[in-house]
Amino acid sequence: SVLYNTLISGYGNMGKIDEALELFQEMKKNQCSPNAVTCNIVMHILNRAGRYTEASALFAEMKDDYGFVPNTRTYNTIINGYLKAGKSSEALQMFEEMQKGGCSRDTITYNTMIMGLCKAGKVNDAYGIFATMEHQGCSPDVYTYNSIFYGLLKVHRLAEALTLFEVMKTKGCSPDHITYSTLINGFCIAGNADQALQFLGDLKASGHVPDLVTYSTLINGLCKVGRMDVAYKLYEDVLEQKFVPNLITMNTLLNGFGKDGQFDRARQLFAELKDMGISPDVVSYNALICAAGKVGNTDAAFQLLEEMQCAGCSPDVVTYSHLIELLSNSDKAGQAWDLFTQMEKRGCHPDLVSYNILLAGLVKASRLDDACYLMEEAKRKGLTPDLITYSTLISGFGTVGKVDEAYRLFLEMKEMGWTPD
RNA sequence: CCUUUGAUUGUGCGG
């Protein structure tokens, strides 16, 4: 069993899900039966593949059919799956259930809950759990603090993060390079790049070594606030040191130049990354298409669409969104709609964001009735219009003086449970 | 033999 478990786990770590699951099936047929650890491993693999439903089915199976008693790790794994699937209430239910069933929680259980809630934007709930863990005999560790930082900074609660950072150090928990990356990213997304740069200094001063993720994070933050010169200097630092930039580093910088209106510079980086032996992915192409759009170069954008397909890289919903927006911005709403229809035919299903983009294009072209029709179509497809959908339409009707229509939509929006911002 | 944390691409209005 141990041998099988090791193999299954190994395949899982290599991303070879099917092989791992096949071994699991083989194991069931052989005289060597799966044990509780096997189930934990397989559940974990299913979670990593985003197959949460199958993971929870296995959880039920292991209890009901195999008669295994779930242990702390089992619960930690299943709780993580529920959280990743966006099912916080089910996760919380398991969190309660394990306690009642006599299975003790550990720091990882708390960390898993805290991180999951933070990712879902529920920092306050996460904080509540954080506040109780100590009394339950589980001391917060660096994972706990890093997760709370992530959650607080995601919603721009900078001051609280800084306070907690001091508390963490006072309590003798040393920040690690992930703590610093989290802080750097958080301050960057809140627009405070100087504080972020300060953290890079602190990190080095405290004897840690920034890694490629730290640098990429900071480069991204500097790009986002338009400080391309500093971002590029940092990239040069990366090169000067022993680091080899990866695809994410290059995409980050490429996107930064593109957003800054430097299409040629973006192209140059695209060439550089290929020279480095890195294969551009859909993110690289999308960023470059966006850059072409930014400077109004529609031809280049569509050439890139061709180019990526020739290179074996399939356009995705983001690719089409960029192109649709680009067409809308050049007063070609009709062509934008055609492309929208085509993307569907090419097997790329529009999501709410792509609907919102085309809708904005129609509104811009004063085609308000068509825009309303499009919203209805989105509903028919099972998509729920959001605050942006409604705001787009409302402002469109407002602009042309159709206040009554705007008001009708405003009421509908509230009926749908949206709170006007 | 198994579980938890950090970086890259798309959407509205106003400022």
Side-chain angles (χ1 to χ4, degrees), chain A residues 1-10 12 35-45 47 71-80 83 106-116 118-119 141-150 176-186 188 211-221 223 246-256 258-259 281-290 316-325 351-361 363 386-396 398-399 421:
Chain A
S1 294
V2 175
L3 181 57
Y4 265 109
N5 290 349
T6 309
L7 281 170
I8 292 174
S9 171
N35 56 24
V37 173
T38 320
C39 292
N40 291 348
I41 295 170
V42 175
M43 277 168 41
H44 177 231
I45 292 174
N47 279 347
N71 60 20
T72 303
R73 288 180 189 226
T74 314
Y75 275 107
N76 292 349
T77 307
I78 200 73
I79 286 172
N80 191 229
L83 290 164
D106 61 7
T107 296
I108 296 185
T109 316
Y110 284 96
N111 290 349
T112 305
M113 279 302 300
I114 289 169
M115 190 61 203
C118 286
K119 289 251 184 207
D141 61 9
V142 67
Y143 282 76
T144 322
Y145 287 106
N146 290 351
S147 301
I148 299 275
F149 292 142
Y150 177 94
D176 61 7
H177 63 289
I178 296 187
T179 314
Y180 284 102
S181 283
T182 306
L183 292 171
I184 287 171
N185 192 42
C188 283
D211 64 6
L212 189 59
V213 177
T214 317
Y215 278 111
S216 302
T217 306
L218 200 43
I219 290 172
N220 181 46
C223 288
N246 64 14
L247 182 59
I248 295 182
T249 318
M250 298 307 283
N251 284 346
T252 303
L253 206 52
L254 186 157
N255 179 53
K259 289 287 189 309
D281 65 356
V282 66
V283 175
S284 327
Y285 282 104
N286 291 348
L288 208 49
I289 287 172
C290 175
D316 64 6
V317 64
V318 178
T319 317
Y320 286 108
S321 298
H322 278 298
L323 294 166
I324 288 165
E325 188 175 11
D351 59 6
L352 187 63
V353 176
S354 26
Y355 269 99
N356 287 345
I357 291 169
L358 179 58
L359 210 119
V363 166
D386 64 3
L387 211 69
I388 296 187
T389 319
Y390 284 108
S391 304
T392 307
L393 281 170
I394 291 170
S395 90
T399 307
D421 62 2

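A note on names: the letters A, B, ... follow the listed sequences, proteins ahead of strands, and every chain is numbered from 1.
Between A:N220 and B:rU8 there is a side-chain polar atom (N or O) within less than 4.0 angstrom of OP1 or OP2. Taking side-chain N and O atoms only, A:K259 has no distance below 4.0 Å to OP1 or OP2 of B:rU8. OP1 or OP2 of B:rU4 lies within a sub-4.0 Å distance of a side-chain N or O belonging to A:H44.
Comparing B:rC2, B:rG12, B:rG10 by their closest approach to the side chain of A:S395 singles out B:rG12. Here the nucleotide nearest the side chain of A:T217, chosen from B:rC2, B:rA7, B:rU9, is B:rA7. Of all nucleotides listed (B:rC2, B:rG6, B:rU8), B:rG6 comes nearest to the side chain of A:K119. Ranking B:rG6, B:rU4, B:rU9 by closeness to the A:Y143 side chain, first place goes to B:rU4. For A:D211, whose side chain is taken as the heavy atoms from C-beta onward, the closest listed nucleotide among B:rG6, B:rG10, B:rG12 is B:rG6. Of the candidate nucleotides B:rG10, B:rC1, B:rG6, B:rG10 has the atom lying nearest to any side-chain atom of A:V318. Considering only the side chain of A:T77, B:rU3 comes nearest among B:rC1, B:rA7, B:rU3. When distances run from any side-chain atom of A:E325 to the nucleotides B:rU11, B:rG6, B:rC1, the shortest one goes to B:rU11. In the set B:rG12, B:rA7, B:rU4, the nucleotide with an atom closest to the side chain of A:I248 is B:rA7.
Looking at A:D316 and A:N286, their side chains do bring a donor and an acceptor atom within 3.5 Å of each other.
Across all their heavy atoms, A:N146 and A:T179 have their closest contact at OD1-OG1, 2.7 Å.
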